[in-house]
Amino acid sequence: MLAASTSLPAADYIVLAIYLVGMIILGAWLSRRQKSREEYFLAGRSMPWMAVGVSVIASILSSITYLSEPGEVWRSGATHITGKMLAIPFEMALVWLVCIPFMMRFRFTSAYEYLEHRFGARTRTLGVTLFLVLAVCWMGVVVLVSSRMLAPVAGVPLWVVVVAVGLVATVYTILGGLRAVIWTDVVQVILLVGGALFVVGYISIKTDSNLSDWYSATQTYLNTSGHKEGLPFFSLDPTVRATVVTVAVHMCVWHVCTHTANQMTVQRYFSTGGMVEARRSFVTGSLLGVGINLLLMVAGLAVLFYYQKTMGGQMPALVDPENKKTFDLAYPSFVVDHLSGGLAGAMLAAILAAAMSSIDSGVNSIATVLTTERQRRRDTTDEEDVAFARGITLAAGLFIIVAAFGMDRLTGDKNIIEMLPRTFNCLTGVLGGLFLVGMFLSWVGERAVIIAAICGLATAIGIAYSKEIFGMETPISFTWVMPGSLLATLAMSAGLGAVLNERAARPGFTWFTRDKEPDMSPRKQ
């Protein structure tokens, strides 16, 4: 854990405080419309598609991308983003053609209602459980990442930042529900993009340089730094940290699973008026995501150039070349060391904005899923459901604060990109697999898919912790965690489904019977 190493001028603390208070005020203002469960959970299914698209990418990117993409430049240059861009056409085609049209047919509140209709109540419970663990781990990592950044640059203990970030996002989400989540996400994306654009413009003007200069300097730095190199295009060795191809496969699997099975994303599309609006939201978010990822990579190149050429090769103050997780601090270190007059505070607020756009999504989705589960068992009024959801939101926010400290110990010295598959992404491929089995493997029943999901989870854990579990000197690459667990879930489901010979799926709940009107009555066990 990094110790506090500096402190900010008063103007920067004031800017940070104004941002945090402003988010709470916005949440309170939007809370005036919270009079029904559909309004609180789905914003009345009437949110503008563009705002939803911006909100989707805000929750997906978070401070994880905002810090990891510039930090990864110091390890692999522009090759990591090349892998991400290679995946874009494939993942966009799959989500546009398959995921959104299929899920938008049902008008669910919780995505996991589908699993009960397709398989049964036990599968729905499994899906909900996997999502809850995934969401808590996801937000724990997000809080930890932003806190690891802010604690040393602001000169305050890590626990103070963890508590402040978690509580503020939780409070405005309690007040405003999904509508507050989406509109605050829009504000936070504006801050995020504006901050990165400012850094790029500032370095370009101050050093009279451009992208070509930054790229050349990065290549020279990588070639002369013995333990850092760009990613190879492909390798048959599964222990190679990452290749362009494996990054592309990893990202494609992540996007398909997230847009099919993750309530944080699917709930946004449910808040639109229908499939057309949901598709527009998806395209908006995807194109914005491409732009933001490229912008952050360029910002990383610019910062590396600044230190190599202007600072004579000096490393950023918070970066220790022997501790790879500190490369994620290169970007905020530049902000604090070289911007003044409240600009550093504004830039740090942008990074916090990226964090809170994920936290608010997570706690709201947890509350939505648990309230929907409660409705299965009892008749409740709108007022009771909203009150229950607000209580769950508060509890989830507090639990996430605790989880962040656990993530700090679990991930050790891993940098952000390597941290993710060892935490919540162990569950992403398995959860996505449940839905993909339901959609495409019509002969698979409940027993088969549950056993297969357990095998998929074991596969994910085995790959993510191959060094610790199997004593491997060089662990299997983190890029194989999600593809491996998804493949195991699909393959085991297909085989077990054929052997167990369970009931076939009801018409309307698979891709091949999507033209049939689905029977929305509870499935008998």
Just to verify, what does Ser281 make a side-chain hydrogen bond (donor to acceptor under 3.5 Å, both in side chains) with, not counting sequence neighbours? none

Heavy-atom pair of closest approach, residues Val240 and Ser477: O-CB, 3.0 Å

Which residues pass the side-chain hydrogen bond (donor to acceptor under 3.5 Å, both in side chains) test with Thr380, sequence neighbours left out? Asp385

Looking at Met297, is its backbone amide N or carbonyl O close enough to the side chain of Glu69 to form a donor-acceptor pair, meaning the two atoms are under 3.5 Å apart? no

So, for Gly438 and Arg118, which heavy atoms are closest and what is the spacing to 0.1 Å? O-NE, 2.8 Å

To check you understand the geometry: which heavy-atom pair defines the closest contact between Thr513 and Gly508, and what is its length? OG1-N, 2.9 Å

State, with a plain yes or no, whether a side-chain heavy atom of Leu431 is found less than 4.5 Å away from one of Tyr112. yes

Here the gap from Leu115 atom CG to Ser110 atom OG, rounded to the nearest 0.5 Å, amounts to 8.5 Å

Could you tell me whether the side chains of Gln267 and Thr368 share a donor-acceptor contact shorter than 3.5 Å? yes

Answer whether the closest heavy-atom distance between the side chains of Leu126 and Val449 falls below 4.5 Å. no

Apply side-chain contact (heavy atoms from CB on, under 4.5 Å) to residues Ile463 and Ser485 and explain how you reach the verdict. CA-CA 9 Å; Ile463 296 174; Ser485 60; over 6 Å; no

So side chain to side chain donor-acceptor pair (under 3.5 Å) across residues 87-100, not counting sequence neighbours, yields Glu91-His255

Only counting residues at least two apart or in another chain, list the ones meeting side chain to side chain contact (heavy atoms under 4.5 Å, CB included) with Ile392. Ile366, Ala367, Leu370, Phe388

Interatomic distance, Asp237 atom CG to Ile476 atom CD1 [nearest 0.5 angstrom]: 10.0 Å

Flag side-chain contact, heavy atom, 4.5 Å: Val256 against Cys99: yes

To the nearest 0.5 angstrom, please state how far the CG atom of Leu487 sits from the CE atom of Met482. 14.0 Å

Spell out, as yes or no, whether a donor-acceptor pair under 3.5 Å connects the side chain of Arg105 to the backbone of Arg514. yes

Does the pair Thr428 and Asn262 meet the rule for a side-chain contact (heavy atoms from CB on, under 4.5 Å), with working shown? CA-CA 8 Å; Thr428 300; Asn262 191 318; 6.0 Å; no

Do any N or O atoms from the side chain of Arg377 and from the backbone of Glu373 form a donor-acceptor pair under 3.5 angstrom? yes

Do the side chain of Arg268 and the main chain of Met264 share a donor and acceptor less than 3.5 angstrom apart? yes

Would a 4.5 Å heavy-atom cut-off, applied to side chains only, mark Gln375 and Thr109 as touching? no

Answer yes or no: is there a side-chain heavy-atom contact under 4.5 Å between Phe234 and Val244? no

What's the spacing between Arg122 CZ and Glu116 CD if we round to 0.5 Å? 12.0 Å

Test: Glu277 and Arg280 ion pair at under 4.0 Å: no

Are the side chains of Phe440 and Phe512 in touch, meaning some heavy atoms are under 4.5 Å apart? yes

Please list, chain by chain and in numerical order, all residues satisfying side-chain hydrogen bond (donor to acceptor under 3.5 Å, both in side chains) with Thr260, sequence neighbours excluded. none

Rounded to the nearest 0.5 Å, how far apart are NE2 of His250 and OG1 of Thr243? 11.5 Å

Are Cys252 and Leu94 close enough that some pair of their side-chain heavy atoms sits under 4.5 Å apart? yes

Across all chains, not counting sequence neighbours, the ring pair (Phe, Tyr, Trp, His ring centres under 6.0 Å) partners of Phe108 are Phe106, His117

Looking at Gly432 and Cys257, what are the two nearest heavy atoms and their distance? CA-SG, 3.8 Å

Closest approach of Gly429 to Leu486 (non-hydrogen atoms, all atoms of both residues): O-CD1, 3.6 Å

Could you tell me whether the side chain of Met103 reaches within less than 4.5 Å of the side chain of Tyr269, counting heavy atoms only? no

Has Gln263 got a side-chain atom pairing as donor or acceptor with Val369's backbone, closer than 3.5 angstrom? no

When you measure from the side chain of Trp138 to the backbone of Asn425, do you find a donor-acceptor pair of N or O atoms at a distance under 3.5 Å? no

side-chain contact (heavy atoms from CB on, under 4.5 Å) between Phe282 and Val56, intermediate numbers included: CA-CA 8 Å; Phe282 166 67; Val56 167; over 6 Å; no

Fit a plane to each ring of Phe435 and Tyr114, take the angle between them on a 0 to 90° scale, and name the class: parallel (under 30°), tilted (30 to 60°) or perpendicular (over 60°). parallel

Asn293 and Met85: side-chain contact (heavy atoms from CB on, under 4.5 Å), yes or no, with the steps? CA-CA 9 Å; Asn293 272 281; Met85 294 301 107; 4.2 Å; yes

Check Ala452 against Leu496 and note the closest heavy-atom contact, atom names and distance. N-CD1, 4.3 Å

Interatomic spacing from CG in Leu500 to CD in Glu446 - rounded to 0.5 Å: 12.0 Å

Just wondering, more than 12 heavy atoms not from Trp480 lying within 6.0 Å of its CH2? no

